[in-house]
Amino acid sequence: MDKVMDLTHWIFKKYPNMFKMIKGIVEESVTGVHRLYQLSKAGRLCIPAINVNDSITKQKFDNLYCCRESILDGLKRSTDVMFGGKQVVVCGYGEVGKGCSAALKAMGSVVYVTEVDPICALQACMDGFRLVKLNEVIRQVDLVITCTGNKNVVAREYLDRMKNGCIVCNMGHSNTEIDVVSLRTPELTWEKVRSQVDHVIWPDGKRIILLAEGRLLNLSCSTVPTFVLSITATTQALALIELYNAPEGRYKRDVYLLPKKMVAGFGGGVCYLAESYI
């Protein structure tokens with residue numbers, strides 16, 4: 001998810017002189033942007049960088065609207081689960097969590113939300129979702145979805161307390177949100193049901209359904225609309241053009257957001273370009 005930052009670190013270690021020929025970095029992923037800010041704070045960022053992840057076109061289309069569709073697509077493809085009446089807990093109410101919660105609520109699921117940020121928690125409340133702590137509902141829910149971008153959100157203690165047949169999946173980041181490593185122990189049995197679907201069985205016969213081994217559900221079990229991919233790619237292209245054409249001195253060795261007037265000015269063009277790919 002943050003291959004640009006992996007490449008940046010590789011160049012930094014192996015070929016630092018190459019930065020003299022590079023005008024800037026464009027980064028889309030959450031983790032990649034976080035690492036860029038770390039480098040900038042430490043004074044180790046050699047060239048300007050644009051944070052595309054927090055661009056409005058990325059946040060809304062890729063994170064909110066795309067995940068609103070792909071959560072249902074991924075769950076249907078992998079489990080054929082019926083959503084009506086199911087109790088679901090969505091961990092995190094950022095843009096991804098908002099999309100997932102809205103989609104499941106619309107399908108008739110009873111949706112609980114966990115959130116540590118007070119503003120996002122207030123938004124969840126105003127959108128009609130019940131705010132809970134994970135340990136309050138973990139024994140009763142049928143589906144657990146992580147959308148936080150954090151690590152070990154669903155730890156082994158929660159996995160042990162889940163009901164038989166609970167579906168566990170990740171829509172947040174990488175494979176760190178669900179503590180899958182803790183499930184690789186001798187007392188637990190793994191049974192592969194189909195591609196991207198595993199049953200993890202406890203000694204008492206209880207089993208949970210783990211999707212994509214804790215990796216991103218929308219990338220492993222569903223498709224991503226070409227419209228969304230085109231908008232994201234176009235946003236990155238605009239950032240690259242801005243860095244390339246920027247006059248000397250406009251951007252220092254720091255991390256910048258794509259100028260709002262550029263996104264607004266090219267808004268119609270972004271949609272036009274996206275539609276032309278379909």
Side-chain angles (χ1 to χ4, degrees), residues 1-10 27-39 41-42 51-54 58-59 62-64 66-67 70-71 74-75 78-79 88-101 112-117 120-121 124 132-135 137-138 141 143-162 166-185 188 190 192 195-200 202 208-222 224 232 255:
M1 293 300 292
D2 53 348
K3 298 302 181 185
V4 172
M5 273 310 302
D6 289 339
L7 177 61
T8 302
H9 273 285
W10 183 76
E27 176 59 54
E28 181 192 354
S29 72
V30 175
T31 304
V33 166
H34 179 66
R35 293 165 72 185
L36 279 173
Y37 280 120
Q38 285 180 327
L39 286 175
K41 187 175 181 180
N51 167 8
V52 172
N53 180 71
D54 294 322
K58 164 67 165 62
Q59 285 284 329
D62 202 330
N63 294 2
L64 175 60
C66 181
C67 290
S70 60
I71 181 63
L75 286 169
S78 55
T79 66
V88 182
V89 60
V90 177
C91 302
Y93 202 71
E95 298 295 342
V96 174
K98 288 179 175 69
C100 293
S101 299
Y112 305 102
V113 171
T114 70
E115 177 56 69
V116 295
D117 182 271
C120 291
V132 298
K133 293 181 178 179
L134 188 55
N135 60 8
V137 297
I138 196 62
V141 293
L143 176 59
V144 177
I145 304 170
T146 56
C147 310
T148 68
N150 212 325
K151 63 180 181 179
N152 293 336
V153 177
V154 180
R156 176 62 188 268
E157 61 179 294
Y158 297 121
L159 294 162
D160 285 336
R161 294 164 59 193
M162 288 177 183
C166 183
I167 300 170
V168 188
C169 65
N170 171 36
M171 286 286 288
H173 171 70
S174 189
N175 61 343
T176 60
E177 300 212 24
I178 302 166
D179 189 8
V180 177
V181 175
S182 69
L183 299 177
R184 304 283 188 183
T185 55
L188 300 182
W190 283 63
K192 190 164 212 50
S195 177
Q196 309 296 351
V197 181
D198 291 284
H199 284 183
V200 183
W202 269 251
I208 64 169
I209 303 169
L210 179 64
L211 303 184
E213 297 185 9
R215 298 185 300 276
L216 286 171
L217 178 77
N218 56 330
L219 299 184
S220 303
C221 303
S222 71
V224 178
T232 303
V255 184

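All residue numbers in this chain count up from 1 along the given sequence. Quick caveat, the model's predicted, so the values are computed rather than measured.
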**OP:** With side-chain contact (heavy atoms from CB on, under 4.5 Å) as the test, would you mind laying out the steps for V33 and V52 before giving the verdict?
**Re:** CA-CA 8 Å; V33 166; V52 172; over 6 Å; no
**OP:** Just do the side-chain contact (heavy atoms from CB on, under 4.5 Å) check on D179 and V154 with the steps written out, would you?
**Re:** CA-CA 6 Å; D179 189 8; V154 180; over 6 Å; no
Original post:
Should the pair R156-D160 be classified as a salt bridge under the 4.0 Å nitrogen-to-oxygen rule?
Top reply: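 Salt bridge flag = yes for D160 with R156.
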**OP:** Using a strict 4.0 Å threshold on nitrogen-to-oxygen distance, state whether K133 and E115 make a salt bridge.
**Re:**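 E115 and K133: not salt-bridged.
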Check whether any side-chain heavy atom of [X] lies under 4.5 Å from a side-chain heavy atom of [Y], and answer yes or no.
| X | Y | value |
| --- | --- | --- |
| V224 | C66 | yes |
| R215 | V180 | no |
| L211 | S220 | no |
| L36 | N51 | no |
| Y158 | I178 | no |
| L217 | N170 | no |
| V96 | L64 | no |
| Q196 | C221 | yes |

Give the minimum heavy-atom separation between [X] and [Y], together with the two atoms involved.
| X | Y | value |
| --- | --- | --- |
| V141 | C166 | O-SG, 3.7 Å |
| C67 | N218 | SG-ND2, 4.2 Å |
| K98 | C120 | NZ-SG, 4.4 Å |
| Y93 | S101 | CE1-OG, 3.7 Å |
| L134 | T114 | N-CG2, 3.8 Å |

**OP:** Using the side-chain contact (heavy atoms from CB on, under 4.5 Å) rule, take V89 and L143 through it: C-alpha gap first, then chi angles, then the decisive distance, then the call.
**Re:** CA-CA 6 Å; V89 60; L143 176 59; over 6 Å; no
Any sub-3.5 Å donor-acceptor pair from [X]'s side-chain atoms to [Y]'s backbone N or O?
| X | Y | value |
| --- | --- | --- |
| W202 | I208 | no |
| N152 | A155 | no |
| Q59 | N53 | yes |
| N150 | V153 | no |
| K58 | T232 | no |

Subject >> Residues N175, E213; criterion side-chain contact (heavy atoms from CB on, under 4.5 Å); working and verdict >> reply: CA-CA 8 Å; N175 61 343; E213 297 185 9; over 6 Å; no
Subject >> Nearest-0.5 Å distance that lies between atom CD in E157 and atom CZ in R161 >> reply: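 Reported value, rounded in 0.5 Å steps: 7.0 Å.
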Subject >> Inter-residue atom distance L75.CG - M171.CE, 0.5 Å rounding >> reply: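 Separation between the atoms: 8.5 Å.
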Original post:
More than 12 foreign heavy atoms under 6.0 Å from NZ of K192: is that the case here?
Top reply: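 Enclosed.
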**OP:** Could you list the residues that satisfy side-chain hydrogen bond (donor to acceptor under 3.5 Å, both in side chains) with T148, not counting sequence neighbours?
**Re:**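 In terms of side-chain hydrogen bond (donor to acceptor under 3.5 Å, both in side chains), with neighbours along the sequence ignored, T148 is linked to E177.
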